[in-house]
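Here is the structure we will look at, set down as structure tokens.
Each chain gets a letter, A, B and so on, in the order its sequence line appears, and its residues count up from 1. What you see is a predicted model, and the numbers here were worked out from it, not measured in a lab.
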Protein chains: 2
Amino acid sequence: MKLELQIKMNPSLFLRDPEQSELGKNIIKHSIQLIHNNGFEAFTFKKLAESIGTTEAGVYRYFENKHKLLVYIISWYWGWIQFQLNYQTNNIKDPTVKLKKVITLLSTNVEDDITTGHVDESKLHQILIAEGSKAYLTNHVGKDNKQQFFKPYKDLCNAIGEIILEYNPKYKYPHSLASTIIEMAHLQNFFMNHLPSLTDFSKSKDEKEIIKYLEDLVFNTIRI
Amino acid sequence: MKLELQIKMNPSLFLRDPEQSELGKNIIKHSIQLIHNNGFEAFTFKKLAESIGTTEAGVYRYFENKHKLLVYIISWYWGWIQFQLNYQTNNIKDPTVKLKKVITLLSTNVEDDITTGHVDESKLHQILIAEGSKAYLTNHVGKDNKQQFFKPYKDLCNAIGEIILEYNPKYKYPHSLASTIIEMAHLQNFFMNHLPSLTDFSKSKDEKEIIKYLEDLVFNTIRI
DNA sequence: TATTTATGATAGTAATACTATTATTTAAAA
DNA sequence: TTTTAAATAATAGTATTACTATCATAAATA
């Protein structure tokens, strides 16, 4: 028996469910490749279609536009992180251990062999670092938010907030700290690699340094 | 005598110095208006030209493309913040007071009457919140960085790092904490207004809450 | 006054972000 | 097994964007 992780996606994100066909899966797979290689700005449906061996119109039957496709793969990523978090913290009681797992999970580029079918989680992680905030930094955030496009992110933020409160029930900013952890796990990584003088990890360029920084930040902030 | 603040800009950012002509000043002024109103994605040189009453070609004589124009106004903003920081912390010795000034400066939407000539700092602040990270989240960060496009940001980050070290000379991550303060002052504001469940300020929607959050974060982190 | 320099007006191109149409293949239902 | 529906491929077309190029004119300067 083969278990496959299925992440439930918001149907407003697509016109036709990409999980349900080979072409759909190829759209996701090649999108991740292309966005990872050339960035979201340079990514077009025409290039995507060429890369798959289909036509532009073919892609448009699945996704209305490239922004929704980006939000789709980002949502998928947050769903996957949420699953990993639940899985890894299952049966663990100590919130310290849980928080450390969260920080490591968000900061680490999973070099996973068991890539989930057509999705390369490692590349996705790097896409999130470089393009993640473009999902919401638009002038249509409000609309997108009403359509629940950011629910997976919010759910994750809530889950992390819960763990923070387990650690210190009196801490006043669990959600803000959670979103700070998430965003900084990515941004400090981006800075480390592209604008190193904005960080203190320039020499090693090692994710472990980011983890140490965040652990120091979080546990000093929430300690009782 | 009229004193006017002149912020020295990196000449690689423009083809013709916008400070040196009426048209140039109008380009900056109307860019800020348009980007503020419709976001950077919807901003085009054609719309800008129409808004000024010139032609597209006219704008292209000043800026190579809209990305460089964005980097220009963002650089201007960081230069201005740097000036404000130096001015406001001048003669102050206590690093606690200085850090609080930094946090307030970065988190507050200056409703300034004395807007610096053609630049509306309040709108610029909001542009930074929504578009600031787009200056560096590109696949040509490396190139841009080599041309010193991000120097004003780095200088500010360094200056804040210095104050952090004055407070606690043994703190290990002054630059990372500085960039965290800068980015979070903006991002928590964006979240507060557009994705409130990612923060703990949803009820009040008050910048002062962000300041409190950041002060709590920073001083708990760096305390000796 | 001559001449450089900035601007205005207009045109044109390649690429992007789509929409529409029709033919063909594949898969599901009758 | 045939009919029918659904998905895909192939092609074409449009409006907008992101530019580049040209030439005339106005303003500043030598």
Side-chain angles (χ1 to χ4, degrees), chain A residues 11-31 33-35 37-73 118 131 134-135 138-140 143-144, chain B residues 11-31 33-35 37-73 118 131 134-135 138-140 143-144:
Chain A
S12 312
L13 286 172
F14 51 77
L15 299 169
R16 205 196 295 305
D17 185 355
E19 296 285 339
Q20 302 304 317
S21 73
E22 273 313 303
L23 178 57
K25 284 176 195 164
N26 266 321
I27 288 173
I28 301 307
K29 186 179 169 182
H30 286 81
S31 294
Q33 298 274 353
L34 287 175
I35 296 174
N37 287 337
N38 315 310
F40 184 63
E41 271 64 51
F43 172 75
T44 70
F45 277 6
K46 196 177 184 189
K47 288 178 197 164
L48 174 61
E50 272 162 25
S51 149
I52 297 169
T54 183
T55 57
E56 225 181 329
V59 178
Y60 276 104
R61 253 177 257 117
Y62 282 81
F63 289 97
E64 227 177 300
N65 53 54
K66 72 173 188 166
H67 181 255
K68 286 199 177 179
L69 176 45
L70 179 69
V71 175
Y72 180 94
I73 63 173
H118 51 292
E131 326 285 352
K134 293 172 191 170
T138 66
N139 60 333
H140 47 87
K143 244 192 221 170
D144 288 0
Chain B
S12 312
L13 286 172
F14 50 77
L15 299 169
R16 205 198 295 304
D17 184 355
E19 296 286 338
Q20 301 305 316
S21 74
E22 273 313 302
L23 177 57
K25 284 176 195 164
N26 267 320
I27 288 173
I28 302 307
K29 187 179 170 181
H30 286 81
S31 294
Q33 298 276 352
L34 287 175
I35 297 174
N37 287 337
N38 316 310
F40 184 63
E41 272 65 51
F43 172 75
T44 71
F45 277 5
K46 197 177 184 189
K47 288 178 196 163
L48 174 60
E50 272 161 25
S51 148
I52 297 169
T54 183
T55 57
E56 228 181 326
V59 179
Y60 275 104
R61 261 181 237 118
Y62 282 82
F63 289 97
E64 228 178 299
N65 53 54
K66 71 174 189 167
H67 180 254
K68 286 200 177 176
L69 176 45
L70 179 70
V71 176
Y72 179 95
I73 63 173
H118 49 293
E131 326 285 352
K134 293 172 191 171
T138 66
N139 59 332
H140 48 88
K143 244 192 219 169
D144 288 0

**Message:** Does D:dT8 have OP1 or OP2 under 4.0 Å away from a side-chain N or O of A:Thr54?
**Reply:** no
**Item:** Exceeds 12 heavy-atom contacts within 6.0 angstrom, atom NZ of B:Lys66
**Value:** yes
**Message:** Return whichever of B:Ala57 or B:Arg16 has its heavy-atom-nearest nucleotide of DNA chain C closer to the 5' end.
**Reply:** B:Arg16
**Request:** From the options C:dG8, C:dC18, D:dA9, select the nucleotide whose nearest atom is closest to the side chain of B:Leu23.
**Result:** C:dG8
**Request:** Taking only the side-chain heavy atoms of B:Arg61 (C-beta and beyond), determine which of C:dT10, C:dT7, D:dA9 contains the nearest atom.
**Result:** C:dT7
**Asked** Between atom OG1 of A:Thr55 and atom CZ of A:Arg61, what is the distance when rounded to the nearest 0.5 Å?
**Response** 6.0 Å
**Distance in angstrom units between A:Leu69 CG and C:dT16 C1', rounded** = 16 Å
**Message:** Please report the distance, rounded to the nearest Å, between CZ in B:Phe43 and P in D:dA18.
**Reply:** 10 Å
**Asked** More than 12 non-hydrogen atoms from neighbouring residues, nucleotides or ligands closer than 6.0 Å to NZ on B:Lys25, yes or no?
**Response** yes
**Request:** Please state how far atom CD in A:Glu56 lies from atom C1' in C:dT21, giving the value in whole angstrom units.
**Result:** 15 Å
**Asked** What integer distance in Å separates B:Lys46:NZ from C:dA9:C1'?
**Response** 14 Å
**Message:** Measure CZ/B:Phe40 against C1'/D:dT17 and give the value in whole Å, please.
**Reply:** 13 Å
**Asked** Between C:dA15 atom P and A:Glu50 atom CD, what is the distance in whole Å?
**Response** 11 Å
**Asked** Below 4.0 angstrom from OP1 or OP2 of D:dA7, is there any side-chain N or O of A:Ser21?
**Response** no
**Request:** Please check if any side-chain donor atom of A:Tyr62 sits under 3.5 Å from a side-chain acceptor atom of A:Ser21, or the reverse.
**Result:** yes
**Message:** Check the phosphate of D:dT8 against A:Tyr62, side-chain N and O only, distance under 4.0 Å to OP1 or OP2. Yes or no?
**Reply:** yes
**Request:** Assign B:Phe45 to base, sugar-phosphate, or nothing according to its heavy-atom contacts below 4.0 angstrom with the strands shown.
**Result:** nothing
**Request:** To the nearest Å, give me how far apart CD (A:Glu41) and C1' (C:dA17) are.
**Result:** 15 Å
**Message:** Rounded at 0.5 Å granularity, tell me how far CG in B:Asn65 sits from NE2 in B:His67.
**Reply:** 7.5 Å
**Asked** Taking atom P of C:dA11 as reference, at what distance in whole Å does atom OH of B:Tyr60 sit?
**Response** 18 Å
